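This one's a predicted model, so the numbers in the text were calculated from it and none came from an experiment. In what follows, every chain begins at residue 1, and chains take the letters A, B, ... in the order their sequences are listed.
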Amino acid sequence: MGSPRVNRRDILQKCLKLGSLTLFSSTSATELIAAWDERENLVRTATPWNELGPFYKKRAPQTSSLRAPQDPGMPLSVSGRIFDVHGEVVSGAKLEVWQTDHLGHYDLDGYRYRATLISDTNGKYSFDSVMPGHYPDRVCQHIHYLVTAPAHKTVTTQLYFATDPVFEGDPDRNYKRDPVLLSRELVRPVVLRGDPKNVFADVTFELVMERL
Amino acid sequence: MIRPASACLFVVSVASLCVAQAHDEMSIAAPAKVEALAMARNGKIAAGWCADGKVRIWNLPAGQMLRSFDLHGVEASQVLLSRDGRWLLVGDSKGSVHIWDSTTGKVQFETALRHYFDTAAFSRDGAMLAVAATGEPAQVFDLRSKRPLYQLISDFGGPMAVAFSPDGSLIASADTDTAIRVFDVRTGRLMWRFDELTLESFSVDFTQDGKFVLAGGPNKSLLLLDASSGKLVHSYPKQKDVVRYLEVSPNGNAVAVVYFDENGSNLAAPVRVFDISSGNVQSQWLPDVPVIGAGWVSDGRLLVATSTPDALHIWSVR
């Protein structure tokens, strides 16, 4: 038989009633609980793990422009913020991202479509690229992420796109078509803008790191 | 994602760059397409994961099916045989690892990994096992006691390949953080790490005298490292294609290399044999379909397997 679920808010209220927690400030219990609730709402779940590679390449250049002006393929802008599981911004995190070109080829000899990024003081990062292609042995389009920050667990994950034809418009139902894709959370909505002859894609991918 | 196949290797002859002669040693009718094949070093046993979800064992060269195991709908990630062919390891996409006694069909060892299975190696005497889930450190087991001994730690990502030295004293690990590491088998202690690669290696092996470690992968070259210090001894000339699997010959003079194509895809790609001391290509062969498994056998033949929907083909190059 399971025990009744008690959250931290309940514990706080009980502690106040029992006198095991005493308030020495002008903050009322109601205000304290409201602040606690607000804080609890910021709690985030760590970004799901997804395998690193293969084809990770260290020492990628620090740049936010993975796409050269004349590169074929659908232009793609990816942006997001990095938080810890308590909702605190993680600034100065190092993100290494890599992907194929629009035809599904990794650059193994150089650093095309590979970059190192650093999150800013607001935890923000962004880069311009192209929508990665499909390739044999891998079902879905994806971008690899390796995120490191002092005092945080390393995040190894991949970003997927809800517009990927593999999902046939229903990633909820079809995301498991890629055996490597273990979490629906990694499939992000895509905002398409421009005109039919000149389509651009925008994707937001928030990352959440666990503290060590 | 492309996963280096379990046990592969390959073929051919020739001085300089002539086309080698691959001999179709045998064709074995298979009820379903064989997706990956492992062969024992004695050349008498082969085990393959088939598209119908079964793992089958054949004797060689007769090609008689000895036994089959049903994976109950779970996809195998790798099949591996101990050198004497007695132990059959199957790692699957759910993270389960099973070792069967190929002679009796009885389960010898089982463990569950955190993620789907990635790579494994038996020690040459079959007493030790190194096994890793994708993204996780390799775990080393004593198969006699069936107890875990230690983990082989990397910075992140886990290994792509592991190999025991011939005398069983060292384990080499080709890790996705791009390092090559060598550990002391008795203690699990890291002996050295080689950090000069920017890309990971897909395969690693020791020379027969245990003095050197060979590694290769998407950097398209073979590296020869001193097994005692980790220092680079020689970097072989870059090839066009990605090294998928390498294995040192029984006489220790040559290394056979199975490749992915230049983009790292599992398409038809060459197999080359290099002279270890000079780095020269002794032979090369281009099969018209992807290799599903290969390995040297103790009489010096290099066996390479390909498959068609209804048959398994094993090629030999002397």
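No more than 12 heavy-atom neighbours from other residues, nucleotides or ligands sit within 6.0 angstrom of CZ on A:R173. The number of heavy-atom neighbours closer than 6.0 Å to CZ of B:R114, taken from other residues, nucleotides and ligands shown, is 12 or below. Other residues, nucleotides and ligands contribute over 12 non-hydrogen atoms within 6.0 Å of the NZ atom of B:K33. More than 12 heavy atoms of other residues, nucleotides or ligands lie within 6.0 Å of NZ in B:K238, so this atom counts as buried by the packing criterion.
Atoms CD and CH2, on B:E136 and A:W49 in that order, are 7.0 Å from each other to the nearest 0.5 Å. In this structure, B:T198 OG1 and A:K57 NZ are separated by 4.5 Å, a value rounded to the nearest 0.5 Å.
Residue B:E262 touches chain A through its backbone alone, counting heavy-atom pairs closer than 4.5 Å. Looking at A:D109, only its side chain comes within 4.5 Å of chain B, counting heavy atoms on both sides. Contact annotation for B:D195: both backbone and side-chain heavy atoms come within less than 4.5 Å of a heavy atom of chain A. For B:S93, no part sits under 4.5 Å from any heavy atom of chain A, backbone or side chain.
In this structure, A:D137 contributes its side chain and B:N266 its backbone to a donor-acceptor pair below 3.5 Å.
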>> I'd like to know whether B:F156 forms a side chain to side chain contact (heavy atoms under 4.5 Å, CB included) with A:L52, so could you lay out the CA-CA distance, the side-chain angles of the two residues, the decisive distance to 0.1 Å, and finally the verdict.
In response: CA-CA 8 Å; B:F156 53 82; A:L52 179 72; 3.7 Å; yes

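A:K58 and B:D177 are not joined by a salt bridge, as no carboxylate oxygen comes within less than 4.0 angstrom of a charged side-chain nitrogen.
Of all heavy-atom pairs spanning A:P54 and B:M160, the tightest one is CB-CE, 3.9 Å. Scanning all heavy atoms of the two residues, the minimum distance from B:V242 to A:L108 falls at CG2-CD1, 3.5 Å. Closest of all the heavy-atom pairs between B:L199 and A:Y56 is CD2-O, 3.3 Å. For B:Y116 against A:E51, the heavy-atom pair with the smallest separation is OH-OE1, 2.5 Å.
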